[in-house]
Chemist: 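Below is the structure I would like to discuss, written out as structure tokens.
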Amino acid sequence: MSSSPPDVPTVRGGPEDILTLDDRLAALRREFAFPEARVRTMIAAFHDEMARGLRGDPSSLKMLPAFIDVPTGRESGTFLALDLGGTNFRVLRVELPGGGGEPLIASERFRLETEHISLHADALFGAVARFIRHFLESHVGSGAYPMGFTFSFPIRQERIDRGELIHWNKGWSVDGVVGRDVVELLNKAMAREGLAGVRVVSLDNDTTGTLMARAYRDPACDVGCIIGTGTNACYREALERIAKPIGPYGRTHMLINMESGAFDKALPRTAYDARLDAESENPGGQWEEKMVSGKYLGEVARLVVAAMCERDGLFRGDLPALFAARESFGTELVSEVEADVSGDAEGVLDLLARSGAAHARPEDAAALRQVCRLVSERSARIAAAVLAAVVTWVDPEVERPHTIAVDGSLYEKHPDYAEEMHRTFDELFGGRAGRVRTELTTDGSGLGAAVIAAVASSGASSGASPAVSPPRSRRRRG
Ligand code: GLC
């Protein structure tokens with residue numbers, strides 16, 4: 001997966017490494033910097049990897065054909081949608097009115113427990129099928145339903161309604177799924193639950209769902225992106241540029257799920273990144289994701305804080321419980337810390353006190369805020385570099401407007417993330433940066449999956465039979 005050696009330097013230093021907090025922060029600023037020159041080097045490397053992936057040559061970018069093209073905005077019908085691959089699992093009923101009208105959405109969210117994401121395929125898909133049955137009973141009623149299935153992991157597809165899991169990531173590890181068609185696993189589990197009327201007509205990734213949800217309303221949308229627990233991007237590609245063999249497909253363009261979280265070139269890793277990687281469930285994998293996404297940012301910050309505490313006297317050398325265990329400092333706290341813009345980091349001090357670190361001093365709080373800032377700023381600049389690479393791949397001189405549909409809690413909740421990404425676009429594109437818009441699009445796995453199911457059912461992309469509209473029943477806006 002990764003071509004780089006697993007170099008795992010220790011983050012502990014000897015006495016000679018002791019610095020004042022200010023000097024340590026200055027050193028960290030250099031280590032975590034991702035200046036324009038590096039962004040440009042990364043974009044060039046990213047283009048190389050895109051080209052290799054599209055040719056079918058070895059590449060850290062899988063460039064997975066998604067067997068779907070953008071919608072017309074006039075799609076109609078009623079669809080079920082399933083969203084699997086984040087912290088929550090969701091089932092939705094989506095009614096597309098046609099003619100560009102507002103869709104009607106009913107949805108329910110179920111929390112997945114650790115056992116569901118770490119046991120066997122039967123336990124996972126059995127739980128999913130039970131939730132679907134419960135949802136149908138309370139929101140839909142009996143009938144025949146086409147379903148769009150969003151499965152947010154790398155899947156190899158040869159058609160729109162099938163796909164094999166290539167490998168797990170984001171901490172998921174369920175036996176019996178890798179190499180199997182996830183649609184078949186779901187269909188079998190639904191059959192065991194007696195859900196004979198539900199038919200999966202399309203399989204998609206959360207990035208493609210997000211792109212489609214935005215493209216349904218905005219024809220300039222040609223890129224989709226997730227910056228949440230994991231990170232990834234997809235875009236609309238011309239068929240003639242996809243040099244590797246793909247299955248039968250009747251259109252001129254197709255979305256490509258890049259699996260950009262696995263990109264591993266021109267990304268300068270610190271000792272903290274290397275340690276996080278070595279301790280992760282997938283060492284060597286998902287390089288870019290581990291420097292960018294919400295599953296990891298808090299942990300990178302925690303490793304820096306722990307080392308500063310041990311070496312440089314942060315928290316007077318007494319590590320608060322909040323930073324004591326792997327993943328104990330979540331990325332939502334990175335956002336919370338940075339939301340405090342007070343001159344003396346009073347809010348951060350307060351947060352520390354509330355979480356049991358009564359011994360924290362104002363300088364500890366200020367240093368923690370700077371560490372969080374360094375880690376999230378690097379993340380936003382790398383994420384922006386990925387998107388800038390995609391935009392310039394499809395439009396090298398940025399001559400047209402591009403809407404990038406973005407979903408994910410880090411992008412949505414972090415106080416300065418989107419601004420930092422746009423500052424990076426300004427550096428790269430100057431006066432043309434205004435042509436690149438990012439739009440928060442939170443309904444990708446629901447509306448997007450339904451739009452994909454509608455396009456797939458129309459026969460345009462897959463040759464599947466037309467959608468059946470179930471009887472009208474209770475509806476509400478999701
Ligand atoms: C991981 C998955 C990818 C997904 C992303 C965001 O990177 O491999 O498929 O899109 O997380 O959920």
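Note that these values count all heavy atoms, side chains included, but never hydrogens, waters or copies made by symmetry.
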Chemist: I need the single residue from Asp83, Leu165, Asn205 that forms a side chain to side chain contact (heavy atoms under 4.5 Å, CB included) with Phe151. Which is it?
Modeler: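 One option only clears the test, and that one is Leu165.
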
Chemist: Do Arg93 and Glu95 pass the salt bridge (charged side-chain N to carboxylate O under 4.0 Å, His left out) test, and can you show the C-alpha distance, the side-chain angles, and the key distance before you say yes or no?
Modeler: CA-CA 7 Å; Arg93 174 184 188 277; Glu95 203 168 310; 3.3 Å; yes

Chemist: Would one find more than 12 heavy atoms of other residues, nucleotides or ligands at under 6.0 Å from atom CZ of Arg236?
Modeler: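 Atom CZ in Arg236 is crowded, with more than 12 foreign heavy atoms closer than 6.0 Å.
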
Chemist: Ignoring hydrogens and geometry beyond distance, is a side-chain donor-acceptor pair present between Asn232 and Asn257 at under 3.5 Å?
Modeler: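 Their side chains do contain a donor-acceptor pair, which is all the 3.5 Å distance test asks for.
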
Chemist: What do the steps show when you test His139 against Glu108 for side chain to side chain contact (heavy atoms under 4.5 Å, CB included), and what is the final call?
Modeler: CA-CA 9 Å; His139 295 274; Glu108 231 182 297; 2.8 Å; yes

Chemist: Where the side chain of Glu299 meets the backbone of Glu327, is there a donor-acceptor pair that is under 3.5 Å apart?
Modeler: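 At least one qualifying donor-acceptor pair exists.
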
Chemist: Checking salt bridge (charged side-chain N to carboxylate O under 4.0 Å, His left out) for the pair Arg159/Asp161: CA distance, chi angles, key distance, verdict?
Modeler: CA-CA 6 Å; Arg159 43 188 277 181; Asp161 58 354; 2.6 Å; yes

Chemist: Any non-hydrogen side-chain atom of Glu164 less than 4.5 Å from a side-chain atom of Val182?
Modeler: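 Answer no - side chains too far apart.
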
Chemist: Any chance CZ of Arg55 has more than 12 other-residue heavy atoms, nucleotides or ligands included, within less than 6.0 Å?
Modeler: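 Enclosed.
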
Chemist: Could you walk me through whether Lys188 and Glu184 pass salt bridge (charged side-chain N to carboxylate O under 4.0 Å, His left out), step by step?
Modeler: CA-CA 6 Å; Lys188 283 192 173 152; Glu184 193 189 333; 3.0 Å; yes

Chemist: Test Tyr235 against Thr207 for side-chain hydrogen bond (donor to acceptor under 3.5 Å, both in side chains), laying out the working first.
Modeler: CA-CA 9 Å; Tyr235 72 106; Thr207 53; over 6 Å; no

Chemist: For the residue pair Leu211 and Thr441, establish whether any side-chain heavy-atom pair is separated by less than 4.5 Å.
Modeler: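 SC-SC contact between Leu211 and Thr441 ruled out.
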
Chemist: With a 4.5 Å limit on heavy-atom distance, are the side chains of Thr403 and Arg437 in contact?
Modeler: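 Thr403 vs Arg437: side chains touch.
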
Chemist: Report the C-alpha distance between His422 and Phe425 in whole Å, list the side-chain angles of each, state the deciding distance to 0.1 Å, and finish with yes or no for ring-ring contact (aromatic ring centres under 6.0 Å, His included).
Modeler: CA-CA 5 Å; His422 282 278; Phe425 293 151; 5.3 Å; yes

Chemist: Is there a side-chain contact between Pro97 and Glu102, using heavy atoms and a 4.5 Å cut-off?
Modeler: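 A side-chain contact is absent here, since even the closest heavy-atom pair is not under 4.5 Å.
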
Chemist: Give, for atom CG of Leu440 and atom CD1 of Ile404, the distance between the pair rounded to the nearest 0.5 Å.
Modeler: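 So the gap between those two atoms works out to 13.0 Å.
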
Chemist: Mind checking whether Thr438 and Tyr411 have side chains closer than 4.5 Å, heavy atoms only?
Modeler: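 Yes, close enough: below the 4.5 Å cut-off.
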
Chemist: So, does Arg378 use its side chain to make a donor-acceptor pair with the main chain of Phe32 at under 3.5 Å?
Modeler: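 Pair absent, no side-chain N/O of Arg378 close to backbone of Phe32.
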
Chemist: Considering only distance and modelled atom types, tabulate donor-acceptor pairs under 3.5 Å from the side chains of residues 381-392, sequence neighbours left out.
Modeler:
{"from": "Arg381", "atom 1": "NE", "to": "Phe34", "atom 2": "O", "distance (Å)": "2.7"}
{"from": "Arg381", "atom 1": "NH1", "to": "Thr424", "atom 2": "OG1", "distance (Å)": "3.4"}
{"from": "Arg381", "atom 1": "NH1", "to": "Glu427", "atom 2": "OE2", "distance (Å)": "3.1"}
{"from": "Arg381", "atom 1": "NH2", "to": "Phe34", "atom 2": "O", "distance (Å)": "3.2"}
{"from": "Arg381", "atom 1": "NH2", "to": "Glu427", "atom 2": "OE1", "distance (Å)": "2.8"}
{"from": "Thr392", "atom 1": "OG1", "to": "His47", "atom 2": "NE2", "distance (Å)": "3.2"}
{"from": "Thr392", "atom 1": "OG1", "to": "Ala388", "atom 2": "O", "distance (Å)": "2.8"}
{"from": "Thr392", "atom 1": "OG1", "to": "Ala389", "atom 2": "O", "distance (Å)": "3.2"}

Chemist: What's the shortest heavy-atom distance between Glu75 and Ala454, and which atoms?
Modeler: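 Glu75 and Ala454 have their closest heavy atoms at CB-CB, 3.8 Å.
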
Chemist: Kindly compute the distance separating CG (Leu276) from CE (Met291), expressed to the nearest 0.5 Å.
Modeler: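 Result: 10.5 Å between the selected atoms.
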
Chemist: Judged by atom type as modelled, is there a donor-acceptor pair below 3.5 Å linking the side chain of Asp204 to the main-chain atoms of Thr208?
Modeler: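 It does not hold such a pair.
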
Chemist: Charged N to carboxylate O below 4.0 Å: is that the case for Arg423 and Glu36?
Modeler: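 No.
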
Chemist: For Glu281 and Arg326: C-alpha separation, side-chain torsions, deciding distance, then whether salt bridge (charged side-chain N to carboxylate O under 4.0 Å, His left out) applies.
Modeler: CA-CA 12 Å; Glu281 289 88 355; Arg326 181 169 169 248; 3.6 Å; yes

Chemist: Indicate yes or no for a side-chain donor-acceptor contact from Glu289 to the backbone of Thr231 under 3.5 Å, with no hydrogens or angles considered.
Modeler: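 Yes.
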
Chemist: Would you please test Val201 and Phe149 for side chain to side chain contact (heavy atoms under 4.5 Å, CB included) and show each step?
Modeler: CA-CA 8 Å; Val201 297; Phe149 179 14; over 6 Å; no

Chemist: Kindly compute the distance separating OH (Tyr296) from OG1 (Thr331), expressed to the nearest 0.5 Å.
Modeler: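 Taking OH in Tyr296 and OG1 in Thr331, the distance rounds to 10.5 Å.
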
Chemist: Judged by atom type as modelled, is there a donor-acceptor pair below 3.5 Å linking the side chain of Asp181 to the main-chain atoms of Gly163?
Modeler: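 Flag set: sc Asp181 to bb Gly163 pair under 3.5 Å.
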
Chemist: Answer yes or no: is there a side-chain heavy-atom contact under 4.5 Å between Glu237 and Ile242?
Modeler: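 The answer is yes; the side chains approach within 4.5 Å.
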
Chemist: Could you check Ser376, Ser379, Ser335 and say which one makes a side chain to side chain donor-acceptor pair (under 3.5 Å) with Tyr417?
Modeler: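 So the option named by the test is Ser379.
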
Chemist: Start with the C-alpha gap between Glu49 and Ser60, add the side-chain angles, then the distance that decides, and say whether side-chain hydrogen bond (donor to acceptor under 3.5 Å, both in side chains) holds.
Modeler: CA-CA 7 Å; Glu49 292 286 274; Ser60 62; 2.7 Å; yes

Chemist: In Å and rounded to the nearest 0.5 Å, what is the CG to OG1 distance from Leu82 to Thr150?
Modeler: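 Reported value, rounded in 0.5 Å steps: 7.5 Å.
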
Chemist: Answer yes or no: is there a donor N or O on one side and an acceptor on the other, between the side chain of Ser293 and the main chain of Thr229, under 3.5 Å?
Modeler: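 Checked: pair present.
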
Chemist: Quick one: are Leu80 and Val198 in side-chain contact, heavy atoms under 4.5 Å?
Modeler: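 The answer is yes, as the side chains (C-beta and beyond) meet within the 4.5 Å cut-off.
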
Chemist: Let me see the working for Leu104 and Val94 under side chain to side chain contact (heavy atoms under 4.5 Å, CB included), right down to the final yes or no.
Modeler: CA-CA 6 Å; Leu104 290 167; Val94 182; over 6 Å; no

Chemist: Indicate the atoms forming the closest heavy-atom contact of Ile155 with Leu64, along with that distance.
Modeler: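 Distance-wise, the nearest heavy atoms are O-CD1, 3.3 Å.
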
Chemist: Identify which one of Asp273, Asn282, Asp264 satisfies the side chain to side chain donor-acceptor pair (under 3.5 Å) criterion when paired with Lys290.
Modeler: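 Between Lys290 and the candidates, side chain to side chain donor-acceptor pair (under 3.5 Å) is satisfied uniquely by Asn282.
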
Chemist: Treating Lys244 as the side-chain partner and Gly53 as the backbone partner, does any N or O pair qualify as donor plus acceptor under 3.5 Å?
Modeler: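 Yes, Lys244 side chain to Gly53 backbone: donor-acceptor pair under 3.5 Å.
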
Chemist: Test side-chain hydrogen bond (donor to acceptor under 3.5 Å, both in side chains) on His414 and Glu338; report intermediate values, then the result.
Modeler: CA-CA 8 Å; His414 187 280; Glu338 287 185 63; 2.9 Å; yes

Chemist: How many angstroms lie between atom OG of Ser260 and atom CD1 of Ile226, to the nearest 0.5 angstrom?
Modeler: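 Rounded to the nearest 0.5 Å, the OG-CD1 separation comes out at 10.0 Å.
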
Chemist: Are the side chains of Leu195 and Ile132 in touch, meaning some heavy atoms are under 4.5 Å apart?
Modeler: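 A side-chain contact under 4.5 Å exists here.
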
Chemist: Taking CZ in Arg192 as the centre, count heavy atoms belonging to other residues, nucleotides or ligands within less than 6.0 Å. Is the count above 12?
Modeler: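 Count over threshold, so yes.
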
Chemist: How would you list all residue pairs meeting side chain to side chain donor-acceptor pair (under 3.5 Å) that involve residues 168-178, not counting sequence neighbours?
Modeler: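 The answer is none; no pair qualifies.
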
Chemist: Quick check for you: to the nearest 0.5 Å, what is the distance between Leu84 atom CG and Phe89 atom CZ?
Modeler: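 Answer for the CG-CZ pair, Leu84 versus Phe89, is 6.5 Å.
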
